[in-house]
Number of protein chains: 2
Amino acid sequence: MDPAVVGRRVRALREEQGISLSTLARLAGVGKATLSGLEHGTRNPTLETLWAVTAQLGVPFTALLAEPAAEPTVHGTAVTATLLEVFTDTDATYELYRMRVAPGVTQLSPAHAPGVTEHVTVFAGVLRTGPADAPLTAPAGGHLRWVSDVPHSYAAVGDEEVAASLLLRYPRR
Amino acid sequence: MDPAVVGRRVRALREEQGISLSTLARLAGVGKATLSGLEHGTRNPTLETLWAVTAQLGVPFTALLAEPAAEPTVHGTAVTATLLEVFTDTDATYELYRMRVAPGVTQLSPAHAPGVTEHVTVFAGVLRTGPADAPLTAPAGGHLRWVSDVPHSYAAVGDEEVAASLLLRYPRR
DNA sequence: CCCGACTGTTCCGTTTACGGAACGGAAGCG
DNA sequence: CGCTTCCGTTCCGTAAACGGAACAGTCGGG
């Protein structure tokens, strides 16, 4: 893997918080040269250095290393979904996705097996989704839930891309 | 964090696979001295070294780091949560966790910053959570949401462990 | 036995990541 | 215009992480 990726991640996180390189270096107890080289990917940081920096950023290690590329991703006309986790329980199997819905397009999805339900939590944007003949709308922070054994649709309301988490529940037959 | 913890984890993973230190070092392309020191916690490994070893073990980086996020969320006796993803957009930063709540114990969590909200979707079991003075209850498939700028509690109802996804929303200041 | 092949640890020279200091550049202020 | 105070990068001596080799210990076979 590429240390440059980690570096870019650190720089992005730092700038999100509006902290300067100098202050972050001081707070984390590392040299400015160290942090500079780390962000540029020209150094090969030690565990101790990474730990100090991520701790000061208030970010768990995983935030630096989450690699979506290897994860299975489903692309549709409007929807891009990446599978985060599969969870199996005595009653049902669950699939948790992160979903993005591009604006301006409506995507239709065929019916799933009987009893399958979908649960959506919207992060950003406004999402219209649900049974194709009676979709529901949820703004950022909202939550929707419907039985998806009928054809259903996904669409972003307005021109902002929608980000959401999608939980699919498949009851055990 | 303690490099000795990482070392023990690597050794445990290696022995699980029945691979000797020598062969793992050779396969990963690192020196035996390096791997030996890493497993003993007497060295401060670089990102490159950790990467090579974990890749050869077929283990994601996160497997080495038992305790991902002590920061924004406080986890303790009843709740164990693992961070799945961090998502930042113009209005807020989101953290998506998979959460497990052990039965028989109630865990209290201190108030977060003003405006922080929590969204929970229950996979399995029955969860009672929300503001400590007025918790809500959700069965499998249910969804809860509350503003977490007050102390709040988590508890499993009944004797079944609860599995859920937890979305934390931090509004941008 | 004794040998070969293996285990994991330790020694050691080379490479390099480390922090402190010095650097040029960009604001903000009198 | 100076002067100060930040910013991020570069230079550099030191500390240490690196891989290769040598080490003792263990097992199995001839």
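Computed from heavy atoms alone, side chains included, the values below leave out hydrogens, waters and symmetry copies.
- The C1' atoms of five pairs define one axis at each end of the helix from dT7(C)-dA24(D) to dG30(C)-dC1(D), and these two axes lie 30° apart (to 10°).
- Applying the side chain to side chain donor-acceptor pair (under 3.5 Å) definition to pairs two or more places apart or across chains, those involving residues 21-30 of chain B are Ser20(B)-Thr23(B).
- Residue Met99(A) holds its CE atom at 8.0 Å from OG of Ser165(A), rounded to the nearest 0.5 Å.
- Looking only at distances, a side-chain donor or acceptor of Thr54(A) sits under 3.5 Å from a matching main-chain atom of Leu50(A).
- Atom CD of Glu48(B) is separated from atom P of dC18(D) by 9 Å (rounded to the nearest Å).
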> Which nucleotides of nucleotides 21-27 of chain D have their base under 4.0 Å from a protein heavy atom (B), which only their sugar-phosphate (S), and which neither (-), written as one string 5' to 3'?
Replying inline: -------
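- In this structure, Ser36(A) reaches the dT9(D) phosphate: one of its side-chain N or O atoms is under 4.0 Å from OP1 or OP2.
- Residues passing the side-chain hydrogen bond (donor to acceptor under 3.5 Å, both in side chains) test with Thr46(A), sequence neighbours excluded: Thr49(A), Asn44(B).
- Annotation: of the two residues near DNA chain C, Thr42(A) and Arg14(B), the 5′-most nearest-nucleotide partner is Arg14(B).
- With sequence neighbours excluded, the residues that form a side chain to side chain contact (heavy atoms under 4.5 Å, CB included) with Ala138(B) are Val122(B), Leu144(B).
- Using a 4.0 Å cut-off, no side-chain N or O of Thr46(A) falls inside it from OP1 or OP2 of dA16(D).
- Applying a 4.0 Å cut-off to non-hydrogen atoms, none of the residues of residues 18-26 of chain B approaches DNA chain D.
- Contact annotation: Arg43(B) reaches the phosphate of dC18(D) (side-chain N/O to OP1 or OP2, under 4.0 Å).
- Under the rule for a side chain to side chain contact (heavy atoms under 4.5 Å, CB included), the partners of Glu15(B) that lie at least two apart in sequence or sit in another chain are Arg11(B).
- Where DNA chain C meets chain B (any atom under 4.0 Å from a heavy atom), the bounding nucleotides read 5' to 3' are dT7(C) to dC11(C).
- Cluster partners of Val126(B) are Val157(B), counting Ile, Leu, Val, Met, Phe, Trp and Tyr whose side-chain heavy atoms approach within less than 4.5 Å, directly or via other members.
- Atoms CG and OG1, on Leu136(A) and Thr129(A) in that order, are 8.0 Å from each other to the nearest 0.5 Å.
- Rounding to the nearest 0.5 Å places CD of Glu161(A) at 7.5 Å from OG1 of Thr80(A).
- For Arg14(B), the salt bridge (Lys or Arg N to Asp or Glu O under 4.0 Å) test picks out Glu39(B), with sequence neighbours left out.
- Mapped onto DNA chain C by nearest heavy atom, His40(B) and Thr49(A) fall at different nucleotides, with His40(B) at the one closer to the 5' end.
- Surrounding CD of Glu48(A) are at most 12 heavy atoms belonging to other residues, nucleotides or ligands under 6.0 Å away.
- Residue Leu27(B) is found outside any hydrophobic cluster, as its side-chain heavy atoms come under 4.5 Å of no other Ile, Leu, Val, Met, Phe, Trp or Tyr.
- Contacts of Thr42(A) classified as side chain to side chain contact (heavy atoms under 4.5 Å, CB included), with partners at least two apart in sequence or in another chain: His40(A).
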